[in-house]
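Have a look at the structure below, then the notes.
Nothing fancy with the numbering, it's 1 onward along the sequence.
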Amino acid sequence: MAQTSVVGPAPSRVDGRLKVTGAAKYSVEFEIPKCAYGWPVESNIAKGKILSIDTSAAQSTPGVLAVVTHQNAPKPKEPAGKKERELTDGIRNEEHLPLSDDNVHYAGQYVALVVARTIEQARYAAALVKVSYAPEEPLLTMDSAEHKAEKPKKNNDERVQLKKGDVDRALKDSALVKVENTYSTPTETHNPIEMSGTIAVWESEDKLTLYDATQFVKGVQSLIARAHGLEIENVRVICPFVGGAFGCKGAVWPHVFLAVMGAKAAGVPVKVHVPRKSMFTGTGHRTPTAQTISLVAARNGKLQAMQHVTHTLTSPIGDYTESCGARSTAVMYQSPAIRVEEIIYPVNIATPTFMRAPGECPGTYALECAFDELSYALKMDPVALRLANHADNHPTKNLPFSAKHLKECYSLGAEKFGWNKRNPQPRSMREGELLVGWGMATATYPAHKMNAEAKVQLRADGSATVQCATHDLGTGAYTAFTQISSEQLGIPFEKATFELGKSDFPFGPVAGGSNSTGSVGTAIYEVAQLLHKALAHLAVKDSKSPLYNLWPNDIAMVAPGHIGSKLDNQKSDAYIDILRRAGRDSIEVETEQKERWNWPTFLWPSAFFKEKESSEKKKFAFQSWGAHFVEVKIDPLLPRVQVTRVVSVMNCGRVVSAKTARSQILGGFVMGIGMALAEATEYDPKTGMPATRNLADYHVATNADVPLIDVYFVGEPDYAFNPIGARGMGEIGITGAAAAIANAVYHATGKRVRDLPITPDKLI
């Protein structure tokens, strides 16, 4: 087994002290003089029209500065027309500007904004706003929206209706072993610790500053500038820290537009901090899914066909598709026949959005549970079944995977877990009175890379600052990018500073799709090469330099803090000496602005990550892989599932930051525990309003639910993917996690639960 390469030692987070002391400022914590507060008014119907809005009581309340409705709102313009949308930056899942008309599309839609001097005054006055509606019959379920069901051909530029080989023939072959079942997942809501929020400050009529909790400062800058007819450089977006997101802060949601409109109407800066209950309607969610999986195999376990049909919801004012089958069954195992179908139903519920591993997370849950069921039908070990169908090439693209190493994940995971001690018979393992179950599943997520840019300033004391308008969602990006900067620039870790979270900095892509390390890491590599070249140009003109009169292209970094001849290892020069002799306090370089792929403003998937076709991309399919092994214990009298042991082994290319990499996988699996056992957003079937709108009713995994999770990494750097050899790992940890738990529950109890979450009532 190849040893995992790690970038340097494992330092603690560079932003750790700021966070534990409270010195780290999150977006709504900035203190802005004369800042007022905005509180939104939500619709209480799911579909219809606003007949009238009585704001008189609210306007007469002390402290109220403005009540903004569709009748008096400073109207922004639609940021892009339908045909132009693909040529613009920024993401909008909800294709409806707030307060733009009198139509109501879902319960909880913002229909007014009250601006007051204090948040208490704004909240109280918002309760006094009286809205009269002409309600219409809403569509709230797949059954009710069946007549509007659609089968999209593509999810952006990614095909989602896929066919390979003759699936029907295999399904009809009675000599083969077949399993076919439907697996369902509920609506899930992100619920990061930091709720969304925006402070809008009009510095003048044509200059705007936003402090916004976002995963994409450049996207917010672009959309808001276009909506208000401003020069893009006149809109500044600041977001140095993000207190979690999981996808809900990737798009520009209505509250951002409301803050800007409220500040314009009231003539003062306005802060709109989305309350927890509005996070369930105002910033997206993971759509529920119903997935029917059909697997057909020979008696030796070799797959003969796979079929994956997914039913999901979308919104009447969005076009979001959760591509479950295309991102699991179409990718993971070798089979001569594969069919994937995606069907979406528009309903009058708030717009869904990307949530950690969108498509892959629910898709791997269904597929990996189906594989477990097939293993029992074949009387075959679940690991052996997966090894028998291991895919060296992408099953539907027929390209070899780069640096895959999934077999090592299975091998090491089984060894560390003690899988060979498993009795395969359900209900056969006990610890005292407790039922014990062991389950496993494969994890996977594609390796995404987007264009990014960076700037570096190297100072005469040997320290350097690197800048990029990227983000740290709490995942350790500050630390990882500092480590990459240290390595690529060739300076000590403690002398490297990485700055992010400002739209003033060079372009950084959205912090989503596990692309940040690969994308921004590549930009750091590129700017380091430019710095070394700039130092070389100084040195070759300096008669006192050992590199005098050499050809600059023959010079590169040869040791930390030194550039030298690639042809003569006796000739090198120190950065600080080059700057000192040149009389320079510092030197600054920046990568050139690249021709970016501009993606649609309302969806997440693959067009997000499309780049110019490189020779490597034509040769390989880039994907990360892993395996989860899980133990659960269940009291048969009170069948509450307790996850008691986890081993996760991952192959994600080069590990940049050992501590934060482990935390990423651990955190993803913890989220998978919540998905498997607790999380579900329930809706009132009459109003379409979420009935679970707080963290008392919406249950997530807490410390008591989380055991010791052992995380290991295998494999090698993936230099075919990018020059630093690293693929992202923010999302792979949750893929397969719920399936591994569900499979362990079946092994413990003999009862197969196919609709998440697995609550005690389903095991009685």
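Applying the 6.0 Å contact sphere to CZ of Arg159 captures no more than 12 heavy atoms from other residues, nucleotides or ligands. Residue Tyr525 places its OH atom among 12 or fewer non-hydrogen atoms of other residues, nucleotides or ligands, all under 6.0 Å distant. Atom NZ of Lys751 has more than 12 heavy atoms from other residues, nucleotides or ligands within 6.0 Å.
Counting only residues at least two apart or on different chains, the ring-ring contact (aromatic ring centres under 6.0 Å, His included) pairs with a member in residues 366-388 are Tyr333-Phe371, Tyr376-Tyr746. Counting only residues at least two apart or on different chains, the salt bridge (charged side-chain N to carboxylate O under 4.0 Å, His left out) pairs with a member in residues 424-436 are Glu431-Lys633. Within the structure, the salt bridge (charged side-chain N to carboxylate O under 4.0 Å, His left out) test picks out the following pairs touching residues 168-189 (sequence neighbours left out): Asp168-Arg339, Glu188-Arg286. For residues 376-388, the pairs satisfying salt bridge (charged side-chain N to carboxylate O under 4.0 Å, His left out) are Glu368-Arg386, with sequence neighbours left out. Evaluation of the ring-ring contact (aromatic ring centres under 6.0 Å, His included) test over residues 655-676, restricted to residues two or more places apart or in two chains, returns His628-Phe669. Residue pairs meeting the side chain to side chain donor-acceptor pair (under 3.5 Å) criterion with at least one member in residues 732-744, sequence neighbours excluded, are Asn743-Arg752.
For the atom pair CG of Leu387 and CE of Met380, the computed distance is 8.5 Å after rounding to the nearest 0.5 Å. Taking CD1 from Ile293 and CG from Asn181, the interatomic distance works out to 9.5 Å, rounded to the nearest 0.5 Å. Atom CD of Gln334 is separated from atom CE of Met306 by 8.0 Å, given to the nearest 0.5 angstrom. The CG atom of Leu303 sits 8.5 Å away from the CD1 atom of Ile338 when rounded to the nearest 0.5 Å. Expressed to the nearest 0.5 Å, how far CD1 of Ile673 lies from CD of Gln642 amounts to 8.5 Å. Rounded to the nearest 0.5 angstrom, His471 NE2 and Ser516 OG are separated by 8.5 Å.
Summarising the geometry of Lys164 relative to Pro395, their closest heavy-atom pair is NZ-O, 2.8 Å, with the distance given to 0.1 Å. The minimum heavy-atom distance between Pro426 and Gly750, with the atom names listed, is CB-CA, 3.8 Å.
In terms of modelled atom types and a separation under 3.5 Å, the side chain of Thr364 and the main chain of Glu360 share a donor-acceptor contact. A distance-only check finds no donor-acceptor pair linking the side chain of Ser514 to the backbone of Gly728 [under 3.5 Å]. For the pair Lys449 (side chain) and Phe721 (backbone), a donor-acceptor distance under 3.5 Å is present. No donor-acceptor distance shorter than 3.5 angstrom exists from the side chain of Lys659 to the backbone of Gly476, with no hydrogens or angles considered. In this structure, His747 contributes its side chain and Asn423 its backbone to a donor-acceptor pair below 3.5 Å. Using modelled atom types, no side-chain atom of Gln215 and backbone atom of Val510 make a donor-acceptor pair closer than 3.5 Å. A distance-only check finds no donor-acceptor pair linking the side chain of Glu341 to the backbone of Gln161 [under 3.5 Å]. In this structure, the side chain of Thr444 engages the main chain of Ser624 through a donor-acceptor pair within 3.5 Å. Checked by atom type and distance alone, the side chain of Glu342 never pairs as donor or acceptor with a backbone atom of Val340 at under 3.5 Å. A donor-acceptor pair is defined here as one N or O able to donate and one able to accept, closer than 3.5 Å; no such pair exists between the side chain of Asp635 and the backbone of Pro639.
In this structure the side chain of Pro382 reaches within 4.5 angstrom of the side chain of Trp419, judged on heavy atoms. Between Cys361 and Met671 the shortest side-chain heavy-atom distance does not fall below 4.5 Å. The shortest side-chain heavy-atom distance between Glu322 and Pro362 falls under the 4.5 Å cut-off. A 4.5 Å side-chain heavy-atom check between Pro152 and Ile344 finds at least one atom pair inside the cut-off. With a 4.5 Å cut-off on side-chain heavy atoms, Leu295 and Leu367 count as touching. Between Asn651 and Leu406 the shortest side-chain heavy-atom distance does not fall below 4.5 Å.
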Identify all side-chain donor-acceptor contacts of residues 703-713 below 3.5 Å with residues at least two apart in sequence or on another chain.
residue	atom	partner	partner atom	Å
Asp705	OD2	Thr702	N	2.9
Asp705	OD2	Thr702	OG1	3.1

Give the table of side-chain donor-acceptor pairs shorter than 3.5 Å for residues 755-762, with sequence neighbours excluded, one pair per line with atom names and distance.
residue	atom	partner	partner atom	Å
Asp755	OD2	Lys762	NZ	3.4
Thr759	OG1	Asp761	OD1	2.5
Lys762	NZ	Asp755	O	3.0
Lys762	NZ	Pro757	O	2.7

Residues 675-682 side chain polar contacts: donor-acceptor under 3.5 Å, at least two apart:
residue	atom	partner	partner atom	Å
Glu679	OE1	Tyr698	OH	2.4
Thr681	OG1	Thr189	OG1	2.6

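The ring-ring contact (aromatic ring centres under 6.0 Å, His included) search around Tyr183 returns none, not counting sequence neighbours. With sequence neighbours left out, the salt bridge (charged side-chain N to carboxylate O under 4.0 Å, His left out) criterion links Arg754 to Glu373. In this view, Lys421 satisfies the salt bridge (charged side-chain N to carboxylate O under 4.0 Å, His left out) rule with no residue, not counting sequence neighbours.
Electrostatic pairing of Glu731 and Arg327 does not count as a salt bridge here, judged by no charged N lying under 4.0 Å from a carboxylate O.
At least one test fails for Lys416 against the ring of Phe629: distance under 6.0 Å to the centre or angle within 45° of the axis. Figure legend: cation-pi geometry between Arg727 and Trp625 absent, as NZ or CZ is not positioned both under 6.0 Å from the six-membered ring centre and within 45° of its axis. For the pair Arg13 and Tyr478, the cation does not sit on the ring face, since its NZ or CZ is not both under 6.0 Å from the ring centre and inside 45° of the axis.
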*Go through the steps to decide whether Thr310 and His308 satisfy the test side-chain contact (heavy atoms from CB on, under 4.5 Å), and finish with yes or no.*
CA-CA 6 Å; Thr310 303; His308 193 150; 3.3 Å; yes
*Stepwise, does the side-chain contact (heavy atoms from CB on, under 4.5 Å) test hold for Asp718 with Arg654?*
CA-CA 7 Å; Asp718 190 351; Arg654 197 176 189 202; over 6 Å; no
*Tell me, with the steps shown, if Tyr320 and Thr314 meet side-chain contact (heavy atoms from CB on, under 4.5 Å).*
CA-CA 6 Å; Tyr320 182 77; Thr314 191; 4.1 Å; yes
*asked:* Could you walk me through whether Leu171 and Val296 satisfy the side-chain contact (heavy atoms from CB on, under 4.5 Å) test, starting with their C-alpha distance in whole Å, then the side-chain angles of each, then the deciding distance to 0.1 Å, before giving a yes or no?
replied: CA-CA 7 Å; Leu171 288 170; Val296 184; 3.6 Å; yes
*Tell me, with the steps shown, if Ser323 and Asn155 meet side-chain hydrogen bond (donor to acceptor under 3.5 Å, both in side chains).*
CA-CA 7 Å; Ser323 297; Asn155 190 348; 2.7 Å; yes
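The closest side-chain donor-acceptor pair between Tyr410 and Thr442 falls under 3.5 angstrom. Side-chain atoms of Thr312 and Thr289 form no donor-acceptor pair, as typed in the model, at a separation below 3.5 Å.
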